[in-house]
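Structure first, commentary second.
Within every chain, numbering begins at 1; the chains are lettered A, B, ... in the order of the sequence lines, protein sequences first and strands thereafter. Since the model is a prediction, treat every value here as computed from it, not as a measurement.
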Amino acid sequence: MINRFAATVAAEIISNKKVGAYHHIVFEVGEIAAQARPGNFVAISVGGENSSMVLRRAFAIHRSMDRGASGGVVELVVAPHGGGSKWLTGLPVHSKVSLTGPLGTSFGIPTEPVRALLVGGGYGSAPLFGLAEVLKSRGCRVDMVLGASSAGKIYAPIEGKRAVSSLTITTDDGSAGFHGKVSDFLPRIIEENQIEIIYSCGPMGMLEAISQIADAHNLVHQCAVEESMACGIGVCMTCVLPMRGDDGVVRMERSCIKGPVVDGESVIWNTKGSIPEGTWGR
Amino acid sequence: MINRFAATVAAEIISNKKVGAYHHIVFEVGEIAAQARPGNFVAISVGGENSSMVLRRAFAIHRSMDRGASGGVVELVVAPHGGGSKWLTGLPVHSKVSLTGPLGTSFGIPTEPVRALLVGGGYGSAPLFGLAEVLKSRGCRVDMVLGASSAGKIYAPIEGKRAVSSLTITTDDGSAGFHGKVSDFLPRIIEENQIEIIYSCGPMGMLEAISQIADAHNLVHQCAVEESMACGIGVCMTCVLPMRGDDGVVRMERSCIKGPVVDGESVIWNTKGSIPEGTWGR
Amino acid sequence: MNFDFSTSLAHAAFKNPIFTASGCAGSGKELAQFFPLHELGAIVTKSIMLKPRSGRATPRMAETPSGMLNSIGLQGPGIDIFLEKDIPWLLDQGANIIVSIAGETVEDYAILAQRLRGVPGISALEVNISCPNVENRGQVFSCDPITAQAAISAVKHNIDSQIPIIAKLSPDVTDIAAIAEVCRTAGADAFALINTLLGMVIDINTMRPKLAGKTGGLSGPAIRPVAVRAIYQVRSRIPDAVILGMGGVTHGRDALELVLAGASGISIGTATFGNPNAAITIKNELEALLIERGFTTFTEAVGYAHREEN
Amino acid sequence: MNFDFSTSLAHAAFKNPIFTASGCAGSGKELAQFFPLHELGAIVTKSIMLKPRSGRATPRMAETPSGMLNSIGLQGPGIDIFLEKDIPWLLDQGANIIVSIAGETVEDYAILAQRLRGVPGISALEVNISCPNVENRGQVFSCDPITAQAAISAVKHNIDSQIPIIAKLSPDVTDIAAIAEVCRTAGADAFALINTLLGMVIDINTMRPKLAGKTGGLSGPAIRPVAVRAIYQVRSRIPDAVILGMGGVTHGRDALELVLAGASGISIGTATFGNPNAAITIKNELEALLIERGFTTFTEAVGYAHREEN
Ligand SMILES: Cc1cc2nc3c(=O)[nH]c(=O)nc-3n(C[C@H](O)[C@H](O)[C@H](O)COP(=O)(O)OP(=O)(O)OC[C@H]3O[C@@H](n4cnc5c(N)ncnc54)[C@H](O)[C@@H]3O)c2cc1C
Ligand SMILES: Cc1cc2nc3c(=O)[nH]c(=O)nc-3n(C[C@H](O)[C@H](O)[C@H](O)COP(=O)(O)OP(=O)(O)OC[C@H]3O[C@@H](n4cnc5c(N)ncnc54)[C@H](O)[C@@H]3O)c2cc1C
Ligand SMILES: Cc1cc2nc3c(=O)[nH]c(=O)nc-3n(C[C@H](O)[C@H](O)[C@H](O)COP(=O)(O)O)c2cc1C
Ligand SMILES: Cc1cc2nc3c(=O)[nH]c(=O)nc-3n(C[C@H](O)[C@H](O)[C@H](O)COP(=O)(O)O)c2cc1C
Ligand code: FES
Ligand code: FES
């Protein structure tokens, strides 16, 4: 079921800073900040009053802070991609945007201290730092691997690293950290650190690769998926992906309310453009 | 033929001030300022890059100033009406807009000093002050009548009044000046000041009323008309109004290039919603 | 203020004229988080088919200027689960329900109507005939007078007589009023105008159609002028036509346009995606606009743009 | 860069594929102030009729979300003055000319073609059959296969054989590819897709249709997905169809979409109203996008979205 704390607010931008290829943007959102959990996302209207862009844009919550009477804030890490995200990253402070959130599922937090590996691709690292803090506070050991096409697309703020025991960086072009894809380095890291659970967020191809590695190592893998979303609240059925339920049946599930955080094992990967055979109602 | 100096520039807003019900906005436009004549208008793109408003908005040039090397400016008086004009009046200084101009015809300036009456309705007063200065510099006596629905909608800047010998104000609700419509007061003013030519700008109904009065007094009447314009440059044929040509034939003429300033006598008034009988090609 | 906002579609009454659009409100549960469903005139359910449907592959959507394409392919649980789960839940919420049905064959429509027969709490039936007919090369039912008529007749003969039948038409036809006329003859009590327009977006990077299903349905403000025209045309051709209007309604002023053109009710689709509370905001704005214009009842405004020149 | 930007529509060659759209470039003179007309592939003239036409009453336009409605009603000087004044002037500018014609009867089309016969400097004829047929209750020619065919045949039998005939179709039909097929049979060498969609705006203050002509033609980015779909559909049904595409092209990326769908040329309409230099900007952007994607000739990209999956 959809996040029961979700609400729509006029959120004021109180900071907007370029960080590498991204913009780190802080929004004053009031009470809903208190409800945000790592993995949740927000949906923002873009383009202003006479915008030709009719749909909201989804962004993972990087961090949220409830400051009691002085109101809550959420922070996002936004890549200027197309019209909507460019508009957003171009807004001056004090601008107000319509923001709906928190939406979707959050990363499951183990009740026992475990050895967790957090893997992020590009801006997919954004929700992982908040997650790392929560895991750390629960006594977990947290290792992190961040990958991107090049150095500028690695988002890893210094303060974010506090909660992390090790941070491995990889880039496709070798401009920072190791040269290669995150998946090339995971098996070794998993083994060396005796990882018990993997959390990931990033492009679908990366999540799929991690799922295979998690499978091979018999690890739980919670990943935040990213499908094109029209509504973000479960009413439009555009954002579906095939997932196997507890009953073994594969259904086209809405990634905005069954996700974005899902169990990597339950996803039928690499089916873009087709419905897997045996899917319910196919 | 279309204004041969017209060009499209990225114009920077260097001042934007609320004045009564309007906004007085100053744009840095470079060389085209030097070409602007009283009566010309500009056409501005509204709503920014992802705007759902695909057409430019037309605004009469209030004043233009060529400052040589330091570039030219044009000033507009904009009523926040619908989406486009509200967006424009809401822009902070240093914003840039795409501006095409100068467009259309300008008020004809008599070669001899004459006694001129300038009549403006609402923001229709905007182009009249620049005109008054030109007329004054040619030795004309200039009287002015400005009307609007209420006091806040009279636009009459103090510096603008310098060139004017008398200024009469009328409002529909009596909140400023005389209580009534401009047309109620014109006959008396025409007679008292021995007016030889009338220049006007304002709502079509007002222009029609003035045309009748001008006719009755056998005066030349140059008026700036306002029709819905899609292109402003003569290519779309949306802005037409029936006008009698020198050959006596009534044609649907484009108000953006045959106008906005036209000879009041040549316009077939009050035909909105129909084509007058005898119009060429009817 | 003593303004009467109630409306009716044939013999079904609603407390106000703002409804959800089929396929744009999930099962109702998702929206109920944002406002109580009984605040709307009715919830129009996603078109339900006989069997469970996985729908089309992804990508299923593409944003377009002032609109969007979707190709959901009628994903849904099928009529059995729908009747067992969705309807009782909606009734529990105090919502007024209009059930939308869709078939692949004329027989499907007949069976769906039978299944809905006698189900308590259904205000009206919206018959989505803007979907492909598998027996006729996938041509959309409402694009052909013969299949349109057949689908509506099949419903008419199988549903309780007191349930109004609303034929939902596609705008992708040469003469929508002619299709409305045959549907009326076949027993339609009202028309839902309009369904989406067939469109396509090509991804300039992959250089192939963006949607897995290639074409999709265009909705949102972009199509509003087509919706207003369709409503106005049908109302002109059939002066007593009862119309549920939809297509790009995002603000109260948009709803008013459709009402003036002839709509007795307004469904809100794409606007909800941009703003979960859109339907409620539109309801309030429409009421204020009508009062401002001196109407004392909503129904006075329906089709007001057709009045004689004075 | 050795990129070949030239294109052809049947047996007419153009140095680049960006044209003006009929009715959106005045007589050419007005645009010539902003750029030299010979920089475009061709100027498509406003549809010319036999006699002078006053066009419709005002208001003739209404802006809509990402689009606009127009109801000009084919105002123009008639074929005689057009041939005497507009054509020589355009030729003087070194412009490539596609003449657009429109008739009220099948005979009009025949006579117009005769008048254009032998006129030097005309690259192609665009036959606007998306206009009302006075002999058939004002139904649009291209909305009926029989009248569509008749109009095209009339032109075919009367124009020089070396002048390609481009049939301009309305999207307001149930099956645009079927109309294209009959036009082809009747002698059309190419198709212009699409003309405007029929739409309406109601003024919420006067509470009547905003346009004097009530309905108008919807153009601009809002209709682009419909244009892409129509082009793709016609190209799928008639794989060797030659298409001049139009509908909401505002940026180079939009033009690319239509090209990938199957357009060998692109006409720029409404975009020019928003930006007098739009056609030139689009031309430059399209060229850059094609080069970026590794095409060495424009024609390789035409219909590229139809290629087999690999
Ligand atoms: C759950 C979730 C979390 C996300 N978190 C982040 C984040 O933290 N930082 C960030 O920079 N981006 C994030 N994205 C991606 C972000 O939503 C897109 O980059 C953005 O919507 C692009 O909009 P646009 O107008 O700039 O681009 P356009 O390409 O012009 O957008 C056109 C349409 O496609 C949709 N779309 C385009 N790209 C994506 C995408 N990758 N995923 C989903 N929809 C897309 C848009 O929502 C819009 O409807 C997230 C997406 C999802 C679904
Ligand atoms: C030659 C000329 C000079 C003008 N000078 C001024 C001026 O100095 N100051 C000023 O405030 N306004 C002026 N106007 C009117 C101004 O163009 C409109 O107020 C403005 O276009 C409204 O746009 P909108 O988006 O705010 O309103 P909307 O009503 O949302 O506009 C919708 C569409 O209708 C057109 N439109 C709406 N109202 C008018 C109108 N009155 N005239 C022409 N088109 C209209 C718009 O251009 C747009 O295409 C002038 C108009 C013309 C034709
Ligand atoms: C995502 C989506 C799903 C839809 N599903 C259905 C459906 O199941 N049945 C139906 O009759 N119409 C369906 N429609 C069409 C809408 O009900 C509506 O007719 C159309 O979208 C126009 O309204 P709008 O512009 O307000 O969205 C769907 C539209 C969208 C956008
Ligand atoms: C103001 C206006 C006038 C038009 N006049 C004609 C015309 O005379 N003949 C014609 O075939 N199409 C005419 N059209 C249609 C355009 O040529 C074009 O097919 C349509 O507008 C879609 O393209 P666009 O979205 O780029 O404008 C006109 C369109 C507009 C907006
Ligand atoms: S985005 Fe609409 S259901 Fe998920
Ligand atoms: S506004 Fe286009 S011709 Fe005048």
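With respect to chain D, the highest number of heavy-atom pairs below 4.5 Å among B:T8, B:V240, B:T279 belongs to B:V240. Top candidate by heavy-atom pairs under 4.5 Å with chain B, chosen from D:P65, D:G76, D:A25, D:G213, is D:A25. With chain B as the partner, the residue from D:T58, D:T64, D:T272 showing the most heavy-atom pairs under 4.5 Å is D:T58. In terms of non-hydrogen atom pairs under 4.5 Å with chain B, the most contact-rich of D:G26, D:S54, D:A57 is D:S54.
Separating the NZ atom in D:K51 from the CH2 atom in B:W280 is a distance of 12.5 Å, to the nearest 0.5 Å. Between the CD atom of D:Q75 and the CD atom of B:E253 there is a distance of 8.0 Å, given to the nearest 0.5 Å. Rounding to the nearest 0.5 Å places CD of D:Q33 at 9.5 Å from CD1 of B:I257. Atom CD of residue D:E30 and atom SG of residue B:C236 lie 10.5 Å apart, to the nearest 0.5 angstrom.
Under the 4.5 Å side-chain criterion, counting only non-hydrogen atoms from C-beta, D:L31 is in contact with B:V235. Using a 4.5 Å heavy-atom threshold, the side chains of D:P77 and B:R251 count as separate. Counting heavy atoms from C-beta on, the side chains of B:T238 and D:F273 never come closer than 4.5 Å. Side-chain contact between D:N275 and B:S98 is absent, with no heavy atoms from C-beta onward closer than 4.5 Å.
D:M61 and B:S228 get closest at one heavy-atom pair: CE-CB, 4.0 Å. Heavy atoms only, all atoms of each residue included: D:M68 and B:A230 are closest at CE-CB, 3.9 Å.
If you measure heavy-atom distances from D:S27 to chain B, you find no contacts under 4.5 Å at all. Residue contact with chain D, scored on non-hydrogen atoms closer than 4.5 Å, involves the side chain of B:R254 exclusively.
Judged purely by atom type and a 3.5 angstrom limit, D:R60 uses its side chain to pair as donor or acceptor with the backbone of B:M237.
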